[in-house]
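Accompanying notes for the structure given below.
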Amino acid sequence: MAFLTTSNPSVAKRQFSIDKNEITIGRDEGNDLHIKDETVSRWHAKVTKKNGVYYIEDNKSRNGTLLNNQAVLQPTRLPDQSEIQICEVTFIFSDGEVSRRPSGNLDQFTVAQGLNSDPTISSSSINQSSVMFDEFEESGDVSASVMSQLDIPSHHSRSDNHAKPEQKLRALTKITHALSESVERDEVLTKILDFLFQLFTEADRGFIVLKNDEGKLEPLGFKTRGARTDEMVRISKTIVKTVMGNKHPIISSDAAMDDRFDMSQSIVDFRIRSIMCAPLINSKDEAIGVIQLDTLKQSIAFDNEDLETLVTVAMQASLAIQKSDLFLDFKRAQSIRADLELAHELQQRFLPQSSPETEEFEFFSFYRPMQQVGGDYYDFVTLEDNRLAIIMADVVGHGIAAALYMAKISAESRFALATSKTAVEAVQKMNNSLSGLNIDRFVTLALCVLDLNTNKMTIVNAGHMPPILQKAATGEITQLAIEESGLPLGIMEDFNYESIEIQLDPGDQIVLYTDGINEAMNADGEQLTTEAMIEDMASGQAKNPDAIGNLIRESVARHSGRHPAIDDMCLVCLGRKP
C-alpha cells in the first residue's frame, strides 16, 4: 500500500493511505484528502493507480500542483519518495510502508525536502498578454487597506535562508557596480532581480513595475523561484498604487492572514504570504514604479532589516533605470537625427538643382528651412510652347508634417501643369486635389508662367505673398496680383482663381518670397516687413537677380542679428537681361 505523508497542520491526517485506485485532494470536505487552506482549489488534484503504478494529476487548479518542483501539466508518474506540493502543503509519496523511508524525524525530513531544497530559478520578460493587475481592489479607500511602513513585527519563524550582513554588503556593492555598467533597460531589470534573488534566498517571486510613457503601470521584469513561468502573472494593484502614492515601502509577514489588507480574497488567490514592496523614486522625487518581493511559504517571513536592504537596492535601481531611459532617449534622438538628415537630403532633391538657362532671363534662388526640413517650396518647370513655370509655395507650419505636404505639392504641381492649358486651370486642379485630402492644413502659392517667345508673364496668386515687380525704365516698384489673390490651396474645392498678365521689359526684375523673409524677427520682436525689402530694392544698389537676392538676404541677416529664425525662408528672383 502507498502513502502520502505531511507535517502541515492544515491537513487532518499526517499520514494518508492510498487504499483505492483514485483519491482526490482539495479544499472541499468531500475530498478523500481534505486540506483546510483557502489557496487550495476545491477539487485540486488526484492520485490514481493504473496497472500498479501511481500517478499525480492536477484538476486545472487555480494555483497548480508541483511534483519535485516541476509543474504537473498532465498525469505524471509518482516515483518513490517524490515530493508533491499543493500550495503551502508538501506531501512525500511512498509506495510502501513508512518504515521503508529514510531514518530520522519525519517532520524535519518533510521540511527539508519541501522548503530548503535548491529550486530552479527562472526569469522572464513578461508577455503583456499574460499579465493581470488585481481588479478586486478598485473600490474603497486604498490607503486604508495596506499596512504601516517598516513597523510590522514578524510573527513567523525566520528561516536560515536569510543572508548575513556581510553577504548583503558584498551583494549591494556588486549590484551597484554592475548597474553602473548597464545601459539597456532589459539588462538593468534582469540584473536587479538576479541580485535580489541572491540577496533574498527566501523570495519565491519578484517583479518590477514601471510607469510607461502614458503614465500607466506596466510590469516589465518578473522572476520566480521553482514556479511556473507560463501562468498568468497577477499583481496587486492596491499594493503598487499605495507604495507609489505615498512613496513609502511596505512589509507584511503574512499578507494572507493580515486583517489590515482589505483584500483577503485576492491575496489568497495570489498565494502570497510574506511581502515587501519598495518605491522607485527618480531625481525629481517622483515615483516611477516599484520593486516587490514575496514568498509563498508559511514558515518564511521578511523583516524590517530585509525591507531596509530592499529600499537601498531600489535607490540604486532607480538611478540605473533613469540612466537606461536617458540612454534610450539618446539612441532615439540619434535615430531621429539620422532620419532628419536623410529627409533633408531628400527634400533638397525635390528642389531645383540648377537655374534655368535662357537667352533673355537670369535667375537667383535661396532656400533655408527653420529646421532640417521645411514646408516652403519653389520649382522651375519647363512647359511646351517655350514656356517656363516658376512656382513659389508655403505650407502652413513647418517641420516634418509640412515637409511631407511639400512633397505632395511638388508632385501635384508638376502633374497639374503638364495636364493644363492655362495657369488658372493648373492652380484649380492643384486646389481640388489638395481639398480632397481633407487635411487640416492649407498651402499658399504663387504661380508665374513666363512665355519666352513674348516675354509676357501670367501670374495666379492663391493667398501667397504678392510678387514684387521692379521696372528698369522708371525704377517703379509694385506688388502684383493683390486684388486678384484667391484662397490658399486646400480650403475650398472648385474655387475660381483669377490671373493677371504683365510684360517684362529689358532690366525688369521679379521677386517671389515666402513670409519667413518679410516676417524675419529681431530680438525686440520686430518684423523686417515687405516695405523694408522694397526700400532696399529702391536704393538702386542691385540691378540683377543675383544682386537683388543677396541684398535681401543681407537685409534679413542684419535685421535678425542672433535671433533664431521663426519660419522657413524661400526667395526666388528673376530678371530680364538689359
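Side-chain contact check for Lys247 versus Asp285: some heavy-atom pair is nearer than 4.5 Å. Looking at heavy atoms from C-beta onward, Glu22 lies out of side-chain contact with Val47 at the 4.5 angstrom threshold. For the pair Asn432 and Glu493, the minimum side-chain heavy-atom distance is below 4.5 Å. When side chains are defined from C-beta on, Asn304 counts as touching Ile251, because their heavy atoms get closer than 4.5 Å. Inter-residue side-chain proximity for Leu4 and Ile25 is flagged as met; some heavy-atom pair is nearer than 4.5 Å. Side-chain contact between Asp376 and Val395: absent, with no pair of heavy atoms (C-beta onward) separated by less than 4.5 Å. In this structure the side chain of Leu404 never reaches within 4.5 angstrom of the side chain of Lys408, judged on heavy atoms. Taking the side chain as every heavy atom from C-beta outward, Ile275 and Gln292 approach each other to under 4.5 Å.
Closest of all the heavy-atom pairs between Val290 and Cys277 is CB-SG, 3.7 Å. When every heavy atom of Ala278 is checked against every heavy atom of Pro249, the shortest pair comes out as CA-CB, 4.1 Å.
Using a cutoff of 4.0 Å between basic side-chain nitrogens and carboxylate oxygens, Lys211 and Glu218 are not scored as salt-bridged. Between Lys46 and Asp32 there is no salt bridge, since no side-chain N of the basic residue sits under 4.0 Å from a carboxylate O of the acidic one.
Judged by distance alone, with hydrogens and angles left aside, the side-chain atoms of Asn51 form no donor-acceptor pair with the main-chain N or O of Val53 at under 3.5 Å. Not one N or O on the side chain of Ser82 forms a donor-acceptor pair closer than 3.5 Å with the backbone of Leu78. Side-chain N or O atoms of Asn431 include one that pairs as donor or acceptor with a backbone N or O of Gly490 at under 3.5 Å. For the pair Ser274 (side chain) and Phe302 (backbone), a donor-acceptor distance under 3.5 Å is present.
Atoms CD1 and OG, on Ile35 and Ser41 in that order, are 10.0 Å from each other to the nearest 0.5 Å.
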Step by step, would you call Thr39 with Asp37 a side-chain hydrogen bond (donor to acceptor under 3.5 Å, both in side chains)? CA-CA 5 Å; Thr39 64; Asp37 189 332; 2.9 Å; yes
Begin from the C-alpha positions of Thr295 and Glu202 and carry the test side-chain hydrogen bond (donor to acceptor under 3.5 Å, both in side chains) through to its verdict. CA-CA 7 Å; Thr295 69; Glu202 66 270 35; over 6 Å; no
Candidate pair Arg62 and Val40, rule side chain to side chain contact (heavy atoms under 4.5 Å, CB included), full reasoning: CA-CA 8 Å; Arg62 180 173 53 199; Val40 177; over 6 Å; no
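Counting non-hydrogen atoms of other residues, nucleotides and ligands closer than 6.0 Å to CE of Met370 gives a total above 12.
Counted by atom type alone, Asn31 and Thr24 present one or more donor-acceptor pairs between their side chains at under 3.5 Å. There is no side-chain donor-acceptor pair under 3.5 Å between Ser61 and Asn59. Donor-acceptor pairing under 3.5 Å is lacking for the side chains of Thr90 and Gln85. Side-chain contact of Gln322 with Ser283: a donor-acceptor pair under 3.5 Å is present, judged by distance alone.
Both tests hold for Lys223 against Phe197: distance to the six-membered ring centre under 6.0 Å, angle to the ring axis within 45°.
Aromatic pair Tyr54/Phe93: ring centres closer than 6.0 Å.
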